[in-house]
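So the structure is just underneath, and the comments pick up after that.
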Amino acid sequence: MAGRKVFDFIKLTTQLPAAVRADFGALRSKFESSHATVSALPSALESIDWSYYSSRVGDPSIVDDFKAKYAGVSIPRPEDTTSASIGVLEADFKKDVAEYLSGANERIATFESKLANLHAEKPMEEMTVEEYLSDKPELRAKIEADIASRAL
């Protein structure tokens, strides 16, 4: 089982919305029970004591025939044809996430600077309209155009 990823279920659970945590908990318990069942199995099959069966069966040639047939059984291991494509998808996803996070960090910095500017302003109750519009030329132009269009 070397090379397998280990799931950090606690970390995953904290990142999920509350609405799906119960379903995720059920999935986790199924995974853990299946994992425990598979882990309890021996890594190799126990060897068969053919001499025991030869001594107990009336015709030892039947045991020899079974032994030959058992030795001839070969179960091929399925070929892994998807891990490479999954690795490529994972790399692309990680790149996309890194790009998103860098953009998110830029947006966070922009919002924090805007928030700092808002905190630096005088309270609205103490501010005049001229003071409010002094650093907002687009809003000033829009208000003046609106006033001009309504002039009698």
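Just so we're clear, the structure is a prediction, and the values are computed from it rather than from any experiment.
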How about N105 and S102: does a side-chain donor come under 3.5 Å of a side-chain acceptor? no
Show which residues join Y70 in its hydrophobic cluster (side-chain heavy-atom contacts under 4.5 Å, direct or indirect), or state none. L45, I48, W50, Y52, Y53, V57, I62, V63, F66
Going by chain and number, the hydrophobic cluster around F111 (ILVMFWY, side chain to side chain under 4.5 Å) further includes none
Starting at [atom1] of [X], measure out to [atom2] of [Y] and round the result to the nearest 0.5 Å.
{"X": "S85", "Y": "E90", "atom1": "OG", "atom2": "CD", "result": "11.5 Å"}
{"X": "S134", "Y": "K136", "atom1": "OG", "atom2": "NZ", "result": "7.0 Å"}
{"X": "K69", "Y": "D65", "atom1": "NZ", "atom2": "CG", "result": "4.0 Å"}
{"X": "H119", "Y": "E112", "atom1": "NE2", "atom2": "CD", "result": "10.5 Å"}
{"X": "F9", "Y": "L16", "atom1": "CZ", "atom2": "CG", "result": "11.0 Å"}

State plainly whether the residues R28 and E32 are in salt-bridge range, i.e. N to O under 4.0 Å. yes
Are R140 and E131 within salt-bridge range, i.e. N to O under 4.0 Å? no
Check whether [X] and [Y] end up in the same hydrophobic cluster, where Ile, Leu, Val, Met, Phe, Trp and Tyr are linked by side-chain heavy atoms less than 4.5 Å apart.
{"X": "M127", "Y": "I143", "value": "yes"}
{"X": "M124", "Y": "V129", "value": "yes"}
{"X": "L101", "Y": "F93", "value": "yes"}

What one should report as the nearest heavy-atom pair of R21 and T13 is NE-O, 3.1 Å
When every non-hydrogen atom of S51 is compared with those of D49, the smallest separation belongs to OG-OD1, 2.7 Å
More than 12 heavy atoms from other groups under 6.0 Å of [atom1] on [X]:
{"X": "E79", "atom1": "CD", "answer": "no"}
{"X": "I10", "atom1": "CD1", "answer": "no"}
{"X": "F31", "atom1": "CZ", "answer": "yes"}
{"X": "K122", "atom1": "NZ", "answer": "yes"}

Relative to Y100, does R107 satisfy both conditions: NZ or CZ under 6.0 angstrom from the six-membered ring centre, and within 45 degrees of the ring's axis? yes
Mark yes or no for whether D146, through its side chain, and K142, through its backbone, hold a donor-acceptor pair below 3.5 Å. no
Once salt bridge (charged side-chain N to carboxylate O under 4.0 Å, His left out) is applied, do any residues pair with K95, and if so which ones, sequence neighbours excluded? none
